[in-house]
Every structure is written in C-alpha cells, then in structure tokens.
Number of protein chains: 2
Amino acid sequence: MATTLSSIAEKLSISRGTVSRALRDDSQISISTRNRIKSLAKEMNYKPNLVARGLSLGKTQTIGFLAGSPSLEITSTMEAKLDELANNAGYEVYVAHTKGNLDITVKRAHKLIGRGVDGLIVKGAFPEATVKEIQTKLKFSVPTVLFSGTLFGKSAYSSHRLVCQDVSIGIRKAINHLYRLGHSQIYMFSMCWPGWEKDMRFIEFYKSIESHGFGKGQDRLYSTDESYANKGTRHIIDVDLAFLQTKKFLKSHPECTAIICIQSEFALFLTSALARMGIRVPQDISIVGFDDVSTMAYSQPPLSTIAQPVEEMVNSAFELLMEGIERDIDEPKQIAIPSKFIIRQSAGEVRSEKKISITEK
Amino acid sequence: MATTLSSIAEKLSISRGTVSRALRDDSQISISTRNRIKSLAKEMNYKPNLVARGLSLGKTQTIGFLAGSPSLEITSTMEAKLDELANNAGYEVYVAHTKGNLDITVKRAHKLIGRGVDGLIVKGAFPEATVKEIQTKLKFSVPTVLFSGTLFGKSAYSSHRLVCQDVSIGIRKAINHLYRLGHSQIYMFSMCWPGWEKDMRFIEFYKSIESHGFGKGQDRLYSTDESYANKGTRHIIDVDLAFLQTKKFLKSHPECTAIICIQSEFALFLTSALARMGIRVPQDISIVGFDDVSTMAYSQPPLSTIAQPVEEMVNSAFELLMEGIERDIDEPKQIAIPSKFIIRQSAGEVRSEKKISITEK
DNA sequence: TTGTAAGCGTTATCAG
DNA sequence: CTGATAACGCTTACAA
C-alpha cells in the first residue's frame with residue numbers, strides 16, 4: 001500500500017540499500033543518483049516506516065513520559081514543553097498517567113520499554129514509598145531521569161539522575177519579602193495528605209521562620225486533612241468546611257498578618273473567602289501561594305506565589321535524558337532548580353492594627 | 001541482551017514459532033509444552049518486543065492524540081481519561097501538542113502515522129481554517145476521530161467522524177435557571193479571539209435570549225479583545241484593564257443582574273473583582289461560567305458553570321476510534337454530547353433594586 | 001502438535 | 001560508488 005524502499009528501488013532497478021542511503025543523504029552515493037532517488041521518492045510520497053527502522057536500529061527515537069498527578073495545568077504545561085524539545089530533537093513521546101502511584105509507574109514503564117522507548121522521564125515524588133523501594137523499583141533498562149516538584153528527602157535519589165525543585169530559595173524569598181513588608185505573624189496553611197511531613201516545603205518553611213527569630217516553625221503551621229481529598233483524578237476541597245475552619249483559625253489567631261498556602265487551589269479559595277468575610281487582601285492580610293496556576297494571576301488581587309520553574313526543569317530533564325540516550329552517560333546526578341518567587345499584589349505592607357476582626361458573616 | 005523468542009527457543013531446543021504461539025496461548029500448542037515455555041519465559045523475564053511485533057503485524061496497538069490548546073487542566077484530564085481507556089484496551093498513546101494550529105496538526109499527524117499508529121484523535125476546532133481546509137487536510141490514512149469542545153459550524157465536519165459538545169443544552173439550561181430566579185437582564189462577557197463569531201456558544205446564547213423575549217441577543221454581548229491575548233502557551237488577561245472595563249460596563253449597564261462568562265478564567269476573575277467593588281455574588285449579581293476548571297469550585301462563592309462533559313466525550317471518541325481500528329468502520333458520524341449545567345452558588349435570586357451601584361473603588 | 005521458512009521495512013557489513 | 005546479503009524480533013502459512 002504505502003510506498004516502501006523496495007518499491008522505489010524496483011522502479012529504478014537499483015538496490016534497496018542504495019535507496020536507503022540516498023534518502024538519508026549518505027555522501028557515498030553520487031549526487032546524481034541521490035537526486036534521482038529523492039525526486040522519485042517525493043513523487044511517490046515516500047515516508048519511511050519508522051517502526052521498521054526502529055527494529056533495525058534498536059533505537060526508536062521515542063521517549064516515555066510517566067506523568068504523575070493528572071488533571072493539573074502544570075502537567076499539561078510540562079508535557080507541551082517536553083513535546084516541543086523532543087520533537088525538535090526528532091523524538092516522539094508516549095505519555096502514560098500513573099496517578100503518582102509507584103507500582104503503576106513501574107508497570108507502565110515496563111510496558112513502554114517493551115515499546116522500545118529509548119528513555120524515560122518519570123514524574124512523581126512517591127511520598128508513600130520507602131527509600132529502598134525508590135532505589136530499586138525505579139531502575140530501568142533504559143536511561144531514566146526522575147522528575148519531581150517537591151522532594152521527600154534527597155538521599156533516596158542519590159543513585160538516580162534527577163531534576164527537582166529547590167523550594168528553599170522560593171520560600172526564603174517569600175518570607176524575606178513579607179519580613180521587609182513588616183510581617184512577623186506569618187502562617188502556613190496546608191491541607192495534608194499521606195506522607196506530608198517529609199515534604200521539603202514544610203521543612204524549609206520551619207527553617208526560614210526560625211532563622212528570622214519568629215519562634216518555633218511548627219507553631220506556624222495550620223493544617224487540616226478533613227477538607228482535602230483526592231477524589232478520582234482531582235483534589236477536592238470541601239469549601240464550606242474550609243470556610244468555617246478559616247474563620248475559626250482567624251478567631252484563634254487574630255494576630256496573623258500573612259498566610260502562605262501550600263496548595264494553589266487553597267490560596268485561590270482563601271482570597272475570595274477573606275473577601276467574603278470583609279477582610280481585604282493585602283491591606284488586612286497578605287497571601288502567598290504555591291505554584292503558578294494561571295488563575296492565580298487572575299485572582300483579584302493577583303496572587304504572589306512561590307512557583308515551580310517548570311520550563312527550566314523540563315529543559316534540564318530533557319538534557320539529562322539526552323546525555324543518557326545519545327552519549328551513554330548514566331552516572332547519578334541531581335539537579336535542583338531554584339523555585340521562583342513571583343511578586344504580584346496579594347502580599348503588601350503589614351496592617352497597623354494588632355488584631356484582625358471579621359465583619360461579615 | 002534482552003531475552004527474545006529465539007533465546008528461549010534455543011534453550012528448549014524448539015522452534016521460535018512454537019514459542020511465539022505458546023506465549024500467546026495458542027490452543028494448537030499442547031498444554032504441557034505451553035507451560036514449559038511459559039515458565040521458562042517468566043524465569044528469563046521475557047518481554048515481547050512490541051516494535052518487532054508491530055512490524056510483523058502492520059498494527060502497533062498505539063494511537064496518537066493530537067492535543068490542541070496546551071496548559072489547560074482540561075487537556076490533562078482528557079489525556080488521563082484517554083490513557084486509561086487505551087491502556088485497558090492494550091494500546092499505548094503518543095501525544096503531540098499542536099497549539100490548535102491546523103498545519104502543525106497535519107504535520108504531527110503524518111509523523112505519527114510514520115510511527116505506525118493505528119489511529120488518531122485530533123483535538124482542536126481550527127476556527128481560522130476554511131471549511132475546505134478542514135475537509136481536505138484532516139483526512140489521514142488511518143482511522144481518525146475529530147474532537148472538539150466548541151464547534152464552528154457543523155457542515156465542515158460532515159464527512160468526518162467527530163465528537164463534539166452540544167453547547168445549546170447547557171446554555172439553555174443556564175438561562176432557564178436564571179430566568180426562574182427572576183433574571184432578565186442577562187449579559188454575556190467574552191474576551192474575543194480570531195474567528196469567535198462562528199463559535200456556537202454565542203449563537204446559542206443569542207437564540208436563547210431571544211426565545212425568552214429578552215430582546216436582541218447581540219445587544220447582550222459585552223466583549224473586548226484588548227485584555228485577552230495568547231502569550232506563548234497561555235491565555236493572558238490584563239487584569240487591571242479588565243477591572244476597569246468591568247467597572248465601565250456596570251456603570252453603563254446598571255440594570256445587569258446576571259453575567260455569563262465565556263472564559264472560565266474570566267469568571268474567576270470577575271467574581272473576585274466584583275467582591276472588590278463591594279458587589280456581592282450572587283446577592284447583587286449572579287455569575288455563570290463555562291467549563292469546569294477545578295478552581296471554579298473553590299471560588300467563593302463556588303461558581304455555577306456550563307461544563308463540557310469531558311469524560312463522556314473522551315469515551316465516545318475512543319469508542320468511535322476503536323470501531324475504526326478494529327472493525328474497519330469509517331462512515332462519517334458526528335456525536336454531539338450535551339453540555340451540562342452545574343449548579344453551585346454563584347447564581348441566585350435576582351436582586352430587588354433596579355440598578356447596581358459600586359461602593360468601593 | 002510442532003517445525004520450517006518467508007516476510008514485515010529498514011540498516012549495515014562486506015564485496016565488488 | 002553500488003549491490004548482495006544478513007540481521008533486527010516477531011508472526012504465520014504451509015509442511016511434516
């Protein structure tokens with residue numbers, strides 16, 4: 001059906017080998033026959049069969065992307081970026097969704113290896129897995145780079161090639177920013193999940209709070225798990241409950257002047273919830289979010305946020321992978337890319353009143 | 001390196017054909033040798049080389065997903081769903097991002113066909129393309145189903161297999177809902193883009209407004225293109241400008257009691273912008289959005305919205321594709337899935353005062 | 001029930 | 001500079 005090397009070779013009464021070489025511009029083939037072949041190929045609308053080429057070469061020019069949490073704007077952004085890089089380099093990308101589950105990840109990875117992928121990018125932090133599991137299960141027969149937004153202890157990855165976010169920078173910048181604006185009563189809001197204690201974002205937050213002499217870091221964490229659930233593919237906030245809890249928090253902590261929200265959705269929620277309570281952002285309370293979901297920029301006021309440098313991370317991951325695929329480099333290597341602090345309008349000068357009060361119901 | 005059919009055949013001193021059949025549970029092979037082979041295969045950790053199988057069979061059990069607009073939560077949700085369906089059916093999926101551009105789409109599609117994909121799902125509406133272009137360029141040598149959230153005139157697709165959203169239902173439901181709540185001064189907000197006039201959402205909105213006897217539909221559209229731009233991979237709202245324009249609108253249309261926002265980001269923006277102006281939602285003005293971005297549920301109040309039935313659409317698209325791939329069905333067929341209207345709290349009873357007034361700056 | 005051999009569309013080695 | 005030929009790993013008539 002489709003035109004093949006043989007079919008064009010036959011038409012020209014020459015060998016398939018010659019056609020193959022000509023079409024790849026092998027300088028061994030004389031210019032004249034090269035041209036003859038190429039023009040006929042074009043005429044016959046020849047397209048190389050890449051699966052045959054893959055079989056022959058043992059390389060398919062494909063990579064697999066194991067996507068962790070689905071339904072996230074950030075996942076899609078990463079994929080688009082990866083696709084762009086890969087495509088420019090002549091690769092095609094398979095994507096498999098793993099829900100952040102280690103076993104699913106491993107299973108899909110092996111399937112993709114069976115498909116002949118030349119390399120793998122594995123996104124996910126696997127907070128529920130043990131260090132040993134990570135070290136053993138995440139080793140594959142093709143070059144692999146791990147990719148994680150937030151890290152749960154670096155040691156687990158010491159034998160891998162990995163790109164991660166260095167959250168400490170962003171958090172420190174955010175807290176310094178708030179400090180300069182006069183804040184000291186800074187709290188972190190979080191809706192927790194299994195394994196959260198190991199998340200570097202908390203640890204760095206504690207550190208930063210303590211280094212400013214604001215007291216014990218842990219005392220500045222206000223968290224709840226009741227209002228946050230992973231339903232199907234989405235994280236769900238129980239808004240009514242969250243509204244109540246926020247009000248309760250403010251009553252028991254009227255001294256609070258600034259809140260850092262570890263979930264972007266919650267930051268969004270909080271901004272409008274405060275407006276409803278008659279509390280102005282940033283005049284009465286300053287808010288800082290995490291990640292850079294586009295809607296954060298369209299919140300009123302637009303939200304300042306500690307953001308993952310998604311593009312840079314994808315760039316590095318791809319580069320690491322290409323080193324592995326095209327230059328056989330596979331020595332362990334961890335690249336941590338500093339998170340950014342994006343200043344918008346939700347963090348402002350500290351208010352003058354000591355205590356906050358809720359006007360509206 | 002990896003164990004192959006031959007390597008296990010050799011160990012057992014039998015032919016590769018037998019091994020091949022045994023491993024696929026061909027009943028021709030005696031149970032006993034089948035077991036012998038299978039257990040050795042397991043022991044040797046045999047994984048079939050799917051690219052070789054693909055070459056042999058002329059089918060790869062892969063499909064290509066051409067993703068339109070990137071960086072959208074909805075894109076990621078669709079992908080995850082498609083991946084789930086495909087994987088259960090034994091398929092793997094390539095994804096290629098096209099930025100909604102027809103030529104990129106065509107180019108990537110052909111690349112994927114060269115990779116041997118068995119079928120293609122093409123997402124995108126291509127508002128800038130002519131009917132002729134759509135009819136000719138979107139035809140490929142493998143089963144293809146088109147997938148579009150909003151349609152720009154159905155006629156262009158009459159020779160394709162397609163799944164789309166029937167927006168009319170959702171819009172009618174939304175407007176009926178508002179009507180029952182006493183609203184008649186209903187407006188639609190939109191930030192426009194090339195080709196927007198053809199978008200069914202406007203057309204259905206006009207229809208619905210007029211069928212209620214509210215007057216001319218077009219008079220109820222408030223649109224601007226200055227504040228909406230497609231910067232890189234993201235749609236950008238100029239929030240300050242949008243804030244001003246919203247204020248201007250309310251001053252010139254103080255009778256407005258309900259607003260339907262065609263962009264979800266804008267609905268989000270509008271809710272918090274109104275809060276800032278001292279206008280309560282829904283007590284003073286009701287808001288309805290489009291699509292169902294998760295953050296819309298976490299807005300305060302949570303936003304009522306006309307939502308794309310993403311899962312159903314993906315289900316149908318996959319089914320259509322499988323018909324094409326596995327049963328050679330390729331007669332044109334269009335499936336329109338009714339959009340849903342999700343009632344949350346941003347649309348409420350119409351206010352009693354005739355005119356709205358802005359209290360805060 | 002099993003073995004043999006051709007074929008899928010390439011690339012690569014080795015002669016000529 | 002070009003042509004044979006083997007090889008990649010698997011499936012599948014056809015034979016035995």
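Source: prediction; values computed, not measured. The chains referred to below are lettered A, B, ... by the order of the sequence lines, with proteins before strands, and numbering in each begins at 1.
- The side chain of B:S30 has C:dT2 as its nearest neighbour among C:dT2, D:dC10, C:dT10.
- Put simply, CG on B:N35 is 15 Å from C1' on C:dT1, counting in whole angstrom units.
- Rounded to an integer number of Å, the gap from A:R115 CZ to D:dG9 P is 17 Å.
- Atoms CZ (B:R36) and P (C:dT1) sit 14 Å apart, rounded to a whole Å.
- With hydrogens and angles ignored, no donor-acceptor pair closer than 3.5 Å exists between the side chain of A:T18 and the base of D:dT2.
- A perpendicular orientation is assigned to the rings of B:Y91 and B:F318, their planes being inclined by more than 60° (bins at 30° and 60°).
- A:L57 comes within 4.0 angstrom of sugar-phosphate atoms only, judged by non-hydrogen atoms across all strands, and of no base.
- Across the protein-nucleic acid pair, B:D26 atom CG and D:dC10 atom P stand 16 Å apart, rounded to whole Å.
- The residue among B:R34 and B:L55 whose nearest nucleotide of DNA chain C is located toward the 5' end is B:R34.
- Summarising the geometry, the separation between CG on A:N49 and C1' on D:dC10 is reported as 14 Å, rounded to the nearest angstrom.
- Separation of atoms OH (B:Y157) and OG (B:S148) is listed at 5.5 Å; rounding is to 0.5 Å.
- Heavy-atom contacts from other residues, nucleotides or ligands closer than 6.0 Å to CD of A:E10 number 12 or fewer.
- Out of C:dG9, C:dT2, C:dG7, the shortest distance to the side chain of B:I29 is found at C:dT2.
- Taking atom CG on B:L12 and atom C1' on C:dG3, their separation rounds to 14 Å, with Å as the unit.
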**Study point:** Chi angles and distances behind the side chain to side chain donor-acceptor pair (under 3.5 Å) call for B:R36, B:S32
**Key:** CA-CA 6 Å; B:R36 226 159 29 103; B:S32 65; 5.9 Å; no
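- Separating the CD1 atom in B:I329 from the CE atom in B:M322 is a distance of 12.5 Å, to the nearest 0.5 Å.
- In terms of phosphate contacts, B:S15 brings a side-chain nitrogen or oxygen within less than 4.0 Å of OP1 or OP2 of C:dG3.
- In terms of polar N and O atoms assigned as donor or acceptor, the side chain of A:S20 never comes within less than 3.5 Å of the base of C:dG9 in a complementary pairing.
- Surrounding NZ of A:K139 are more than 12 heavy atoms belonging to other residues, nucleotides or ligands, all under 6.0 Å away.
- At D:dG9, none of the side-chain N or O atoms of B:R53 fall inside 4.0 Å of OP1 or OP2 (strictly under the cut-off).
- Look at CD1 on B:I8: it is 13 Å from C1' on D:dG9, rounded to the nearest Å.
- Side-chain nitrogen and oxygen atoms of B:S6 include none within less than 4.0 Å of the OP1 or OP2 phosphate oxygen of D:dC10.
- For B:S20 and B:R24, the side-chain atoms include at least one donor-acceptor pair closer than 3.5 Å.
- Whole-Å rounding puts the B:R24 CZ to D:dC10 C1' distance at 8 Å.
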Under 3.5 Å, which protein N or O atoms sit close to an N or O of nucleotides 13-16 of chain D? Give each pair with its distance.
residue, atom, partner, partner atom, Å
D:dA13, N6, B:R21, NH1, 3.1

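- Within 6.0 Å of atom NZ in A:K59, more than 12 heavy atoms from other residues, nucleotides or ligands are found, so the atom counts as buried in its surroundings.
- Looking at heavy-atom distances under 4.0 Å, A:I14 makes contact with sugar-phosphate atoms alone, never a base.
- Out of C:dT10, C:dC8, C:dT2, the shortest distance to the side chain of B:S56 is found at C:dC8.
- At the heavy-atom level, A:R16 lies under 4.0 Å from base atoms of the strands shown.
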